Each structure stands twice: as structure tokens, then as C-alpha cells.
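All remarks here apply to the structure that follows.
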Amino acid sequence: MSPKSARKAKSEPVQSAGSARPTLLLQWYDWHRRRLPWRAAPGETSDPYRVWLSEIMLQQTTVKAVGPYFEKFVARWPDVTALGRASQDDVLRMWAGLGYYSRARNLYACAVAVTREHGGSFPDTEEGLRALPGIGPYTAAAIAAIAFDRHTMPVDGNIERVVSRLFAVEDELPQAKPLIQQLAATLLANSRAGDSAQALMDLGASICTPKKPACSLCPLNEDCTARLQSTQETFPRKAPKKSGTLRRGAAFVVTRGEELLVRSRPEKGLLGGMTEVPGSDWLAGQDDAAAKLQAPDLKGLSRWQRKMGVVTHVFTHFPLELVVYTARAVGRTRAPEGMRWVPVATLADEALPNVMRKVIAHALD
DNA sequence: CATGCGTGGGG
DNA sequence: TCCCCAAGCAT
């Protein structure tokens with residue numbers, strides 16, 4: 001007789017909780033799902049174009065920030081072939097302010113590819129989607145699950161957080177990604193893959209938040225390992241990231257009547273393809289005198305006037321400090337090679353990143 | 001696998 | 001104020 005045969009008075013329903021979770025999650029979702037502009041109403045078929053567009057915009061970007069941009073885009077380009085017929089510059093102008101501008105270039109390239117190579121319909125498999133510009137592993141899985149109900153679990157930052165807490169994953173990100181992917185897949189319901197994914201994302205966004213998670217409201221709280229240990233807020237594990245070194249530069253704001261001198265940045269790299277006022281390089285340890293030497297060379301220009309103060313801006317990987325110089329150009333002063341005059345009144349329509357809007361506002365203040 | 005790539009909001 | 005972060009991708 002082995003000790004194992006001893007029976008508990010009341011056998012515990014430790015019912016391999018793994019199988020109960022997907023159902024609990026969907027039940028929670030059916031009551032608490034967020035209403036979002038790109039989501040189909042319950043029972044409705046979702047539009048792959050809207051799912052794709054929203055997923056691209058939502059990469060590293062908050063729902064609140066995306067809202068108005070999504071509405072603008074679908075109003076102007078109601079389907080992927082309409083977007084494919086636009087110009088990249090129109091797309092960049094509409095995207096200005098949302099950040100990560102390579103997304104906008106890839107968005108356009110993707111629309112062209114879907115229009116020309118897929119007859120205007122998105123591929124309905126992860127593999128097919130993954131081959132398109134701007135669509136990586138997460139986005140391919142998300143579109144496949146949400147728009148085409150493929151049985152796959154996309155793993156974004158929300159889901160990494162929820163899963164790493166649920167299973168108390170001690171490994172640090174990003175090394176833990178494969179493990180988390182595997183664990184996340186256990187939360188997929190047999191049907192309703194897209195809802196399973198969106199349920200986890202909503203849970204991460206509204207309950208299982210980075211700070212002060214509302215565990216008492218969580219449908220999975222009963223067998224959340226981190227919560228049982230009261231270590232929720234310490235997950236996911238990740239190495240602290242280092243902040244970049246301050247870079248300095250100068251920006252030159254030249255007006256000609258009611259017009260402003262601008263140019264376009266190179267296609268690739270920081271703020272690729274976006275509009276800017278002429279400026280110096282942005283370098284660590286550069287002094288103002290060195291930066292000023294890079295002022296554009298125009299005939300018929302008034303003296304450069306240094307605006308008091310500086311414009312500061314923080315990019316993901318470095319902070320930036322710009323000194324601003326202004327000057328006025330007479331009558332028909334020609335724009336130097338590669339530059340152009342634009343009316344101040346229509347600046348809002350330009351593909352101006354926010355750092356340049358700050359510079360111009362500071363200069364014209 | 002590490003790094004580059006925006007911006008605005010919250011604690 | 002400062003730091004962290006928010007539905008990642010490309011290289």
C-alpha cells in the first residue's frame with residue numbers, strides 16, 4: 001500500500017487549470033471587451049484592412065494616440081487598394097506626429113504589394129502575411145487570428161506581461177520569448193482564436209497593468225503563480241535599459257515673407273523621409289559654434305538671430321537639445337539645392353515630425 | 001541578438 | 001523631474 005493511495009476527504013478540483021483558463025478568459029472578454037473603432041461588433045466579420053491598419057499603428061503606440069489617426073486614414077483611404085493608389089508622401093503627411101515613421105513607409109509598400117501582387121486581398125495565413133513589409137511575427141499572428149480566425153496566439157507586450165505573471169516566468173526578456181510564446185498558446189480556446197488574443201490584450205491593458213495590477217478583478221487570479229507569491233509587479237523580468245547620451249545641434253529657420261525654408265530628410269534612418277528645417281548634425285558634445293557653421297548658404301539673407309533658450313526633445317535612444325537661429329530672406333531669394341519654400345499657413349499639412357514642430361513654434365514665437 | 005527607431009502620458 | 005512604458009519591425 002503506497003502513501004499515494006491515501007485519499008483526501010474532499011478531492012481538490014486542481015483540474016489541470018490549464019484547460020479552464022481559455023474559457024474563463026473568453027467569458028470575461030464577452031462582458032468586458034473594449035469597443036474600439038477597428039474591432040468588429042460581436043458576431044460581425046472583421047475587415048482585414050482595418051485590422052492590419054490598426055495593428056501597424058498600435059505597434060509601440062497607445063490606443064489613445066492611434067484613435068484619431070485611424071479615423072483619418074480610413075476616411076481618406078477606405079480600403080487597401082485606395083491606400084495603394086496614394087503616394088508615399090501623402091501617407092507620411094497623414095502619419096506625421098505618430099512616430100516610428102518607417103511604419104508609414106512600410107504601410108504604403110505593403111498596400112502596394114497587396115494591391116498588385118495579391119489582387120487587393122490580404123493573404124489569410126501567417127506565413128503569407130509575414131512576407132509583407134512591416135509585418136513581423138506578432139502582427140502576422142494577430143491578423144491571422146483576428147481577421148481570419150487562424151488558430152495562433154500573437155504575443156505582444158501585454159501578453160508577455162500577463163503570461164509571465166501567470167506562470168511566474170523567471171527568465172529575462174527577450175530570451176524568455178520562446179517560452180512565453182509556448183505558454184501563451186495554452187490560453188488559446190479551441191475556437192475563437194482572435195477573441196482569445198484580444199481578451200489577453202484587453203486583460204493586460206485594463207487589469208494586468210504594468211503597475212498596480214487589479215488582481216482582484218482578474219478572471220485568472222485563482223491560479224496566477226505570481227499573485228500567489230505577491231510578486232506580480234516584478235514581472236516580466238527584464239534588464240534595465242540604458243539611456244542615451246545627450247546630443248546637440250542647431251536648427252535654422254529662414255522665412256521669406258509668409259514662407260519657410262524646408263527640406264526632406266534621407267529616406268532611411270531617423271525621421272526618414274520626413275520634412276525638416278535645415279540644420280546641423282546632431283552630435284554628442286558638439287558646441288554651438290561648430291553647429292552654427294552648418295547654416296545654409298543663401299544670398300540676400302538678414303543676419304542670423306539666435307533665439308533665446310533651446311528646444312529639447314527626447315527620442316527613444318537619445319535626448320536632443322537644439323539651438324535655433326532665425327533669419328529673413330528678401331523677395332525672390334532662391335532656395336538652395338534640395339530645399340524648398342512652403343507657406344507657413346500650410347505647415348500643418350506637411351510631413352513634419354514633432355521635434356520640427358517644436359523648433360518652428362519656438363522660432364516663430 | 002543588440003540596436004535604431006517617436007511620441008505622449010502616467011506614476 | 002525623471003523614468004518607464006505602449007498591440008514591434010528591420011537589420
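Computed from a prediction, not measured in an experiment: that's the story for all the values here.
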With heavy atoms under 4.0 Å as the rule, sort Thr139(A) into base, sugar-phosphate or nothing. sugar-phosphate

If I compare all heavy atoms of Phe122(A) with all of Pro48(A), which pair ends up nearest, and what's the gap? CD1-CB, 4.2 Å

Taking CZ from Phe235(A) and P from dC5(C), how many angstroms apart are they, rounded to a whole number? 15 Å

Pro154(A) near the nucleic acid: base, sugar-phosphate alone, or nothing, with a heavy-atom cut-off under 4.0 Å? nothing

Strictly by modelled atom types, are Gln59(A) and Tyr138(A) linked by a side-chain donor-acceptor pair under 3.5 Å? no

Under a 4.5 Å side-chain heavy-atom rule over Ile, Leu, Val, Met, Phe, Trp and Tyr, are Leu129(A) and Val112(A) clustered together? yes

If only side-chain N and O atoms of Arg105(A) are considered, is one of them under 4.0 Å from the OP1 or OP2 phosphate oxygen of dA10(C)? no

Round to the nearest Å and state the distance from Glu267(A) atom CD to dA10(C) atom P. 16 Å

Using a 4.0 Å heavy-atom cut-off, does Ile159(A) contact any base of the nucleic acid, only the sugar-phosphate backbone, or nothing at all? nothing

Determine the contact category for Leu36(A): base if any of its heavy atoms lies under 4.0 Å from a base atom, sugar-phosphate if only primed atoms, P, OP1 or OP2 are that close, otherwise nothing. base

Are the side chain of Trp341(A) and the backbone N or O of Thr333(A) linked by a donor-acceptor pair below 3.5 Å? yes

Single-linkage hydrophobic cluster Tyr69(A)~Tyr101(A), side-chain heavy atoms < 4.5 angstrom: yes

Tightest non-hydrogen contact, residues Asp124(A) and Arg150(A), listed as O-NE, 2.8 Å

Quick check: is Phe235(A) connected to Leu166(A) through a chain of hydrophobic side chains (ILVMFWY, heavy atoms under 4.5 Å apart)? no

Please measure how far the C1' atom in dC1(B) lies from the corresponding atom in dA10(C), and state the result in whole Å. 13 Å

To the nearest Å, how far apart are Arg34(A) CZ and dA6(C) C1'? 11 Å

Nearest whole Å is fine: how far is dT3(B) C1' from Phe318(A) CZ? 13 Å

Contact nearer the 5' end of DNA chain C, comparing Thr209(A) with Arg130(A): Thr209(A)

dA10(C) C1' sits how many Å from Tyr138(A) OH, rounded? 18 Å

With rounding to the closest Å, how many angstrom separate the P atoms on dG6(B) and dT11(C)? 14 Å

Between dC5(B) and His317(A), is there an OP1 or OP2 to side-chain N/O distance shorter than 4.0 Å? yes

Which part of the nucleic acid, if any, lies within reach of Trp38(A) when heavy atoms closer than 4.0 Å are counted: base, sugar-phosphate only, or nothing? base

For every nucleotide of nucleotides 6-11 of chain B, 5' to 3': is a protein heavy atom under 4.0 Å from its base (B), only from its sugar-phosphate (S), or from neither (-)? BBS---

